[in-house]
Amino acid sequence: QVQLDESGGGLVQAGGSLRLSCAASGRTSSSYAMGWFRQALGKEREFVAAINWSGDGTYYKDSVKGRFTISRDNAKNTMYLQMNSLKPEDTAVYYCAATAGVGVYTGGYDYWGQGTQVTVSS
């Protein structure tokens, strides 16, 4: 079992930045891939970004490419999402996720955090 805890959400004006963190605990000795998802009010949860175990492979949703950067520090069991040039349409609850494996995955995650709210005002 892997437990995930997000932090770093908040209210920011359009064009601003936020950095989300996701701390993993529990069975972190095994290799696991991680990702970020988001769910806006009234919409389905969608993939945002993913990173492989070693941190040298990433994949992004088209609409966040060039604005968001996913990274991880395995020594700290923590993943990050740096979000720049935020837009009102980025407003959502952001969730981190993890699954056993070393690849980059856009779905099929087994473990989820509780979510952190990001609100971007216009």
Side-chain angles (χ1 to χ4, degrees):
Q1 288 280 356
V2 176
Q3 291 79 47
L4 304 172
D5 186 21
E6 305 100 333
S7 61
L11 173 64
V12 63
Q13 288 188 331
S17 299
L18 283 174
R19 188 176 83 153
L20 305 183
S21 298
C22 174
S25 60
R27 195 173 181 178
T28 57
S29 59
S30 300
S31 301
Y32 54 96
M34 300 187 77
W36 288 98
F37 291 74
R38 67 187 182 187
Q39 186 169 19
L41 193 62
K43 296 186 177 181
E44 293 189 352
R45 187 161 56 188
E46 63 177 6
F47 167 80
V48 175
I51 189 166
N52 64 357
W53 164 246
S54 58
D56 59 0
T58 59
Y59 186 75
Y60 296 91
K61 174 182 173 63
D62 283 347
S63 64
V64 306
K65 285 180 181 177
R67 300 189 298 122
F68 290 11
T69 303
I70 188 171
S71 62
R72 66 190 295 169
D73 183 342
N74 288 344
K76 296 181 179 180
N77 292 322
T78 302
M79 175 181 64
Y80 306 96
L81 186 66
Q82 178 66 43
M83 304 186 294
N84 299 328
S85 302
L86 281 162
K87 304 175 180 180
E89 51 263 43
D90 294 318
T91 295
V93 177
Y94 282 70
Y95 298 89
C96 69
T99 190
V102 299
V104 180
Y105 310 113
T106 60
Y109 286 84
D110 298 307
Y111 307 106
W112 294 85
Q114 82 289 348
T116 185
Q117 176 71 46
V118 171
T119 302
V120 184
S121 63
S122 56

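Start at 1 with the first residue, then count along the sequence.
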For this session: For Tyr60, check ring pair (Phe, Tyr, Trp, His ring centres under 6.0 Å) against everything at least two apart and list the hits.
Result: none

Seminar exercise, completed: In terms of heavy-atom contacts, Ser54 and Asp56 come closest through OG-OD1, 2.6 Å

Seminar exercise, completed: With sequence neighbours left out, the residues meeting side-chain contact (heavy atoms from CB on, under 4.5 Å) with Asp5 are Gln114

For this session: Flag the pair Ile70 / Met79 as yes when at least one side-chain heavy-atom distance between them is below 4.5 Å, and no otherwise.
Result: yes

Exercise. Which residue pairs satisfy the side chain to side chain donor-acceptor pair (under 3.5 Å) criterion with at least one member in residues 8-25, sequence neighbours excluded?
Worked result: Ser17-Asn84

Exercise. Taking the side chain as C-beta and beyond, is there a heavy-atom pair between Leu86 and Phe68 under 4.5 Å?
Worked result: yes

Problem set entry | Hydrophobic cluster membership, Leu20 vs Leu11, 4.5 Å side-chain cutoff | no

Exercise. Where the side chain of Arg27 meets the backbone of Gln1, is there a donor-acceptor pair that is under 3.5 Å apart?
Worked result: no

Exercise. Quick one: do Trp36 and Phe47 end up in the same hydrophobic cluster if we chain Ile, Leu, Val, Met, Phe, Trp and Tyr together by side-chain heavy atoms under 4.5 Å apart?
Worked result: no

Seminar exercise, completed: For Val104, the side-chain contact (heavy atoms from CB on, under 4.5 Å) test, sequence neighbours excluded, returns Ala50, Asn52, Tyr59

For this session: Return each pair, listed once, that meets ring pair (Phe, Tyr, Trp, His ring centres under 6.0 Å) where at least one residue sits in residues 72-109; pairs must be two or more places apart or across chains.
Result: Phe37-Tyr109

For this session: Determine which pairs satisfy salt bridge (charged side-chain N to carboxylate O under 4.0 Å, His left out) with at least one residue from residues 96-112, sequence neighbours left out, and list them in order.
Result: none

Exercise. Shortest non-hydrogen contact from Trp53 to Ser31?
Worked result: NE1-OG, 3.5 Å

For this session: Not counting sequence neighbours, list each pair that qualifies as a disulfide (SG to SG under 2.5 Å) and has a residue in residues 17-110.
Result: Cys22-Cys96

Taking only distance into account, with no hydrogens and no angle test, what donor-acceptor pairs under 3.5 Å do side-chain atoms of residues 115-122 form with protein atoms, sequence neighbours excluded?
{"residue": "Thr116", "atom": "OG1", "partner": "Gly9", "partner atom": "N", "Å": "3.2"}
{"residue": "Gln117", "atom": "NE2", "partner": "Ala92", "partner atom": "O", "Å": "3.4"}
{"residue": "Gln117", "atom": "NE2", "partner": "Thr119", "partner atom": "OG1", "Å": "3.3"}

Exercise. Quick one: CE on Met83 to CG on Leu18, what's the gap to the nearest 0.5 Å?
Worked result: 4.5 Å

Exercise. Among all residues two or more places apart in sequence or in another chain, which pass the salt bridge (Lys or Arg N to Asp or Glu O under 4.0 Å) test with Lys65?
Worked result: Asp62

Exercise. Side chains of Gln3 and Tyr111: closer than 4.5 Å at any heavy-atom pair?
Worked result: no

Exercise. Quick one: are Thr99 and Tyr32 in side-chain contact, heavy atoms under 4.5 Å?
Worked result: no

Problem set entry | Contact list for residues 31-41, test salt bridge (charged side-chain N to carboxylate O under 4.0 Å, His left out), sequence neighbours left out | Arg38-Glu46, Arg38-Asp90

For this session: Determine whether Trp112 and Val93 fall in the same hydrophobic cluster, where Ile, Leu, Val, Met, Phe, Trp and Tyr are linked whenever their side-chain heavy atoms lie under 4.5 Å apart.
Result: yes

For this session: Determine yes or no for a side-chain-to-main-chain donor-acceptor pair under 3.5 angstrom, with Thr91 supplying the side chain and Glu89 the backbone.
Result: no

For this session: Let me see the working for Met34 and Leu4 under side-chain contact (heavy atoms from CB on, under 4.5 Å), right down to the final yes or no.
Result: CA-CA 10 Å; Met34 300 187 77; Leu4 304 172; 3.9 Å; yes

